[in-house]
Structure formats: C-alpha cells, structure tokens
Amino acid sequence: MEEAEAEVTWKRETIPKVLKIVSTRLPQRDLISLLIVSPWLHRTLVSHPSLWLVLDFSQMGNAGNRLVAALSLCLDSLQNLESLNLNGCQKISDKGIEAITSVCPILKVFSIYWNVRITDMSIEHLVKNCKHVTDLNLSGCKKISDKSLQLVAENYPKLEFLNLTRCINLTDHGLQRILFKCSFLQSLNIYALSSFTDEAYRRISLLTYLKFLDLCGAQNLSDDGLSCIAKCVNLVSLNLTWCVRVTDEGVIAIAQGCTSLEFLSLFGIVGVTDKCLEALSSSCSNTITTLDVNGCIGIKRRSRDELLHLFPHLKCFKVHS
C-alpha cells in the first residue's frame, strides 16, 4: 500500500517538478517523444504552453506519428503555436497539413521544405485555417502550382518571407500575383526556376521593402529586367549565380540603385567585366562584404590589397582560378 502511494506521489509531485526544470533545456524533438511515453508526462508537458510556441519536425524520423502526438496536446497549447517546421518530412500529406493547421489559428511561420506529396490542397488548408502567416517556405514542393501562389497572394498581403526554390510548376502568372499583392515582402527566393520570363522579373521592382533576393539560375533574366530590379533600393543580398544573359549594363544598374548591397554573387556570368566591378566600388564600397565572381572570365584576378582598396569592408571574395 505504501509503495503504491509513493508511486502516485512520485508521478503527481516529483515528475512535474523535475520536468518543469529540465523541459526548457531539452531539444523539442525529445519533448515530443516524451508526449507518447505516459499520460503523466503528457499532462505535465501540456501544462507549459510556452514550450509549444514552436514545433520543429525538420528531418525527424517517423514525423507522422510525432505529428499525431503533437496534435494530442490540449488545444490551449497549440492555439498559441506560432512556428511550424516540417522540413524534410516527406510522408506528411495534405491530410496531415489540414489536421495541424486546423488547430493553429495564429501560426506565423510555416516551413515544409522538400515535400513532394503535398499539393495545392495543403495551401488551401493553410490559408483557410491560419490567417497570420508572414514567413512561408515551400521550397522543393514540386506539386504546387500557380493556384497556390494565387491563394497566398489573396490571403497574405503582409507576407514578409517567401521561398519557392525548385517549385517547378510555377509560371509568370503565379509569380506576378505574388508581386502585385504581397508588397511587404522582404525576402524572395526563386532559386533554380528557369520558367519565369523577363516580364515577371521586371515586376520585382514593385517590392520596395525587399532586402534579400535569390535569382540563381534565372536564365531568362536580361539587363532590362535587372535594371528594373535595381529600383529595389533596400536590397542587401542579391544572388545572380548563373544568370547567363546578364552583362555589365545590368550589374551597373544594380550598383547605382542598390547602394546598401552587402552580398552579391555573379558566379558563372561570362558577360561581366571589370567595368561592373568599378561601378560597384564607386557606389557600394562601404557596404559590400561578400562578392563572388567565380567563373567571370572578364574580371581579372587581383591581390588582396587591390581588392581591399576597391571594397574596404570585404570579408569574402571568390574569383576564377
């Protein structure tokens, strides 16, 4: 009898006290695993809502079952969820997205990098259930289409961060919906998407708050399109890797318009020469810290002292061998 009472006391008093101390120091994936262990642990963990402002399932094995465990949290806990990371959880489907978003009304950050199962249906569930998203990462979600971008544009006008890397079914129509509607974007990643045309790239000039832009692999981007992008005067990071149609003209326009630039990659662009480097030095010498001209055969090699003379704050410079 005494042993039974001691066990009850241990579960009701000792376990909660210990968990209250250690739970804030455990990785969240361990906390989610503990939810499944016993009802006692479950009740103790869900009594601390501050632990569940963020759910991170990224690269987590058996993510589906763990998601179910998280959904078993009392609704009061998930009602406060602000950030959900499902990166690399490829077994989660549209139904899983519907289930988790239906109980997270104030979600602000949603990331589902490299999920090849979800479709536009998941984005329908997201915009229906979560009205306050400002950070959205759909990188590698190859089944989403322009319909998803239309839904995002219509429902998240205050979106600040958007990653569409390798979303290969997107077209100019979908991207332009975003550019027209989401005027508060600060970061746009359209890495490895060669389907967009210069017409869409020119519309990026509408994003007056834009700071980070990744156009790696934008094979249709011309100097004209890049000159329009130069109107984004707040740009601090611009990736033009493998933008093969670009020449000095476009880069000089960027140098003159984006005078706060800190990071610039011209990797693989054979149409640029020392002229653009001189323009960058003239306009951005006090801000540029990283410059990649690897593969730019028209730009001559320079010593460290010569580079620091052009860009006094340079920390990283990559040049062709």
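- E278 CD to S283 OG: the interatomic distance, rounded to the nearest 0.5 Å, is 12.0 Å.
- N87 and S111 share a donor-acceptor pair across their side chains, judged by distance under 3.5 Å alone.
- No more than 12 heavy atoms of other residues, nucleotides or ligands lie within 6.0 Å of NZ in K158, so this atom counts as exposed by the packing criterion.
- L310 meets the side chain to side chain contact (heavy atoms under 4.5 Å, CB included) test with L277, S281, R302; sequence neighbours excluded.
- L314 has its side chain out of reach of T289: every pair of non-hydrogen atoms, C-beta onward, lies at least 4.5 Å apart.
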Legend entry - Check against side-chain contact (heavy atoms from CB on, under 4.5 Å), L238 and I254: CA-CA 10 Å; L238 178 59; I254 288 292; 3.9 Å; yes

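- Put simply, I190 and I168 are part of two different groups of oily side chains (I, L, V, M, F, W, Y) that touch within less than 4.5 Å, one to the next.
- Using modelled atom types, no side-chain atom of T290 and backbone atom of E262 make a donor-acceptor pair closer than 3.5 Å.
- T165 and N163 are linked by a side-chain donor-acceptor pair at a separation below 3.5 angstrom, with hydrogens and angles left out of the test.
- Summarising the geometry, atom OH belonging to Y209 is positioned 10.5 Å from atom CD belonging to E160; distances are rounded to the nearest 0.5 Å.
- The minimum heavy-atom distance linking K142 with W114 is given by the pair CE-CH2, 3.6 Å.
- Between the side chain of S227 and the backbone N or O of D223 there is at least one donor-acceptor pair closer than 3.5 Å.
- Within a 6.0 Å sphere centred on NE2 of H313, other residues, nucleotides and ligands contribute more than 12 heavy atoms.
- In this structure Q176 satisfies the side chain to side chain contact (heavy atoms under 4.5 Å, CB included) test together with D172, F180, E199, A200, R203, sequence neighbours excluded.
- Distance alone, capped at 3.5 Å, is enough to place a donor-acceptor pair between the N220 side chain and the F196 backbone.
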Inset, instruction - Under the side-chain contact (heavy atoms from CB on, under 4.5 Å) rule, what do I123 and L138 come out as? Steps first, then yes or no, please. - result: CA-CA 10 Å; I123 308 305; L138 301 175; 3.8 Å; yes

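- Residues V127 and L175 share a hydrophobic cluster, clusters being chains of Ile/Leu/Val/Met/Phe/Trp/Tyr side chains in contact below 4.5 Å.
- Separating the CG atom in L226 from the CD atom in E249 is a distance of 9.5 Å, to the nearest 0.5 Å.
- T241 and N239 share a side-chain donor-acceptor pair at under 3.5 Å.
- Proximity of V246 to V251: side-chain heavy atoms (C-beta onward) are separated by under 4.5 Å at one or more points.
- For the pair R177/E154, a side-chain contact is recorded, criterion being any heavy-atom separation below 4.5 Å from C-beta on.
- No donor-acceptor distance shorter than 3.5 angstrom exists from the side chain of N137 to the backbone of I112, with no hydrogens or angles considered.
- One hydrophobic cluster, built from ILVMFWY side chains closer than 4.5 Å, cannot hold both V133 and V109; they sit in different ones.
- Scanning both residues, Q219 and V244, for their nearest heavy atoms gives O-CG2, 4.4 Å.
- Contact of the L86 side chain with the Y113 side chain is not registered, since no non-hydrogen atoms from C-beta on lie closer than 4.5 Å.
- Atom-to-atom distance recorded for C216:SG and L221:CG is 12.0 Å, nearest 0.5 angstrom.
- Atoms CD1 and SG, from I204 and C228 in turn, are 10.0 Å apart once rounded to the nearest 0.5 Å.
- Taking all atoms of both residues into account, the shortest heavy-atom contact from C104 to C130 is O-SG, 3.3 Å.
- Of all heavy-atom pairs spanning R202 and G225, the tightest one is CG-CA, 3.7 Å.
- For the side chain to side chain contact (heavy atoms under 4.5 Å, CB included) criterion with L240, the lone passing option out of L264, V272, L213, I229 is L264.
- By the 4.5 Å heavy-atom criterion applied to side chains, L164 and L149 are counted as neighbours.
- The aromatic rings of F267 and W242 stand perpendicular to each other, their planes meeting at an angle above 60°, with 30° marking the opposite boundary.
- Contact detail for C258 and A230: the closest heavy-atom pair is SG-O, 3.7 Å.
- A salt bridge links K147 with E124: at least one charged nitrogen is closer than 4.0 Å to a carboxylate oxygen.
- Between the side chains of N129 and S102, no donor-acceptor pair is found at a separation under 3.5 Å.
- In summary, the side chains of D292 and N294 do not present any donor paired with an acceptor at a separation below 3.5 Å, with no hydrogens or angles considered.
- The two residues V236 and S260 make their nearest non-hydrogen contact at CG1-O, 3.7 Å.
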Inset, instruction - List the steps and the verdict of side-chain contact (heavy atoms from CB on, under 4.5 Å) for K91 and R117. - result: CA-CA 7 Å; K91 292 187 177 181; R117 296 185 65 190; 4.1 Å; yes

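- Placement of L151 and F184 in two distinct hydrophobic clusters is found when ILVMFWY residues are connected by side-chain heavy-atom separations under 4.5 Å, directly or transitively.
- The existence of a salt bridge linking D135 and K108 is excluded, since no basic side-chain nitrogen approaches an acidic carboxylate oxygen closer than 4.0 Å.
- At a threshold of 4.5 Å between non-hydrogen side-chain atoms, the residues N234 and L210 do not count as touching.
- In this structure, the side chain of N115 engages the main chain of C89 through a donor-acceptor pair within 3.5 Å.
- You'll find the side chain of L185 reaches within 4.5 Å of the side chain of L162, heavy atoms only.
- Although no hydrogens or angles enter the test, the distance criterion places no donor-acceptor pair under 3.5 Å between the side chain of D94 and the main chain of M121.
- If you take CG on L159 and CD1 on I178, they are separated by 6.5 Å, rounding to the nearest 0.5 Å.
- Note on V293: it does not cluster hydrophobically with F263, by side-chain heavy-atom contacts below 4.5 Å among ILVMFWY residues.
- Within the 4.5 Å cutoff, side-chain heavy atoms of L179 are placed close to those of L188.
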